[in-house]
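Only this structure's heavy atoms are used, side chains among them; waters, hydrogens and symmetry mates stay out.
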Amino acid sequence: MSITSVLQLVLGLALVLGTIFLIAWLLRKVTLLPGQHRKLRVVAALSLGNRERAVLVQVGDEQLLLGVAQGQVSLLKSFDQPVIELESGQNSAFSKKLSQYLQKRSE
């Protein structure tokens with residue numbers, strides 16, 4: 001077996017593994033579940049331990065504070081008025097900085 005064939009084998013394996021990791025990453029980022037829409041989103045999450053979290057979820061005009069532990073989700077508090085305001089994509093700090101950068105780059 002020559003060095004060229006070993007190199008070709010290693011590069012082919014790296015390409016296949018890279019493709020698998022890319023597809024896995026894309027599947028984690030893009031959810032195609034039928035129930036996903038703008039009226040239901042996670043506003044904030046706070047880790048309370050190894051397997052426990054407090055999650056603030058926006059459901060329509062209402063926000064729910066949920067306790068999430070292994071195997072269960074509990075409603076801790078329901079808020080009629082938003083506790084944390086959602087930033088729209090157009091008003092976020094990242095969006096502003098990105099648009100400024102793109103404007104400078106185009107000039």
For Val59, give me all partners under side chain to side chain contact (heavy atoms under 4.5 Å, CB included), at least two apart in sequence or on another chain. Leu40, Val57, Leu64
Determine, using the 4.5 Å side-chain heavy-atom cutoff (strictly less than), whether Leu75 and Val73 are members of one ILVMFWY cluster. yes
If you group Ile, Leu, Val, Met, Phe, Trp and Tyr whenever their side-chain heavy atoms sit less than 4.5 Å apart, what else falls in with Leu11? Leu7
In the single-linkage hydrophobic clustering (I, L, V, M, F, W, Y; side-chain heavy atoms under 4.5 Å), do Ile84 and Leu76 co-cluster? yes
Determine which pairs satisfy side-chain hydrogen bond (donor to acceptor under 3.5 Å, both in side chains) with at least one residue from residues 43-52, sequence neighbours left out, and list them in order. Arg51-Gln70
CG-CG distance between Leu22 and Leu17, expressed to the nearest 0.5 angstrom: 12.5 Å
Search all heavy atoms of Ala54 against all heavy atoms of Leu65 and return the closest pair with its distance. CB-CD1, 4.3 Å
Do Val55 and Val42 have side chains that get closer than 4.5 Å, going by heavy atoms? yes
Side chain of Gln8, backbone of Val10: donor and acceptor closer than 3.5 Å? no
So which atom in Val83 and which in Gln63 form the shortest heavy-atom distance, rounded to 0.1 Å? N-OE1, 2.7 Å
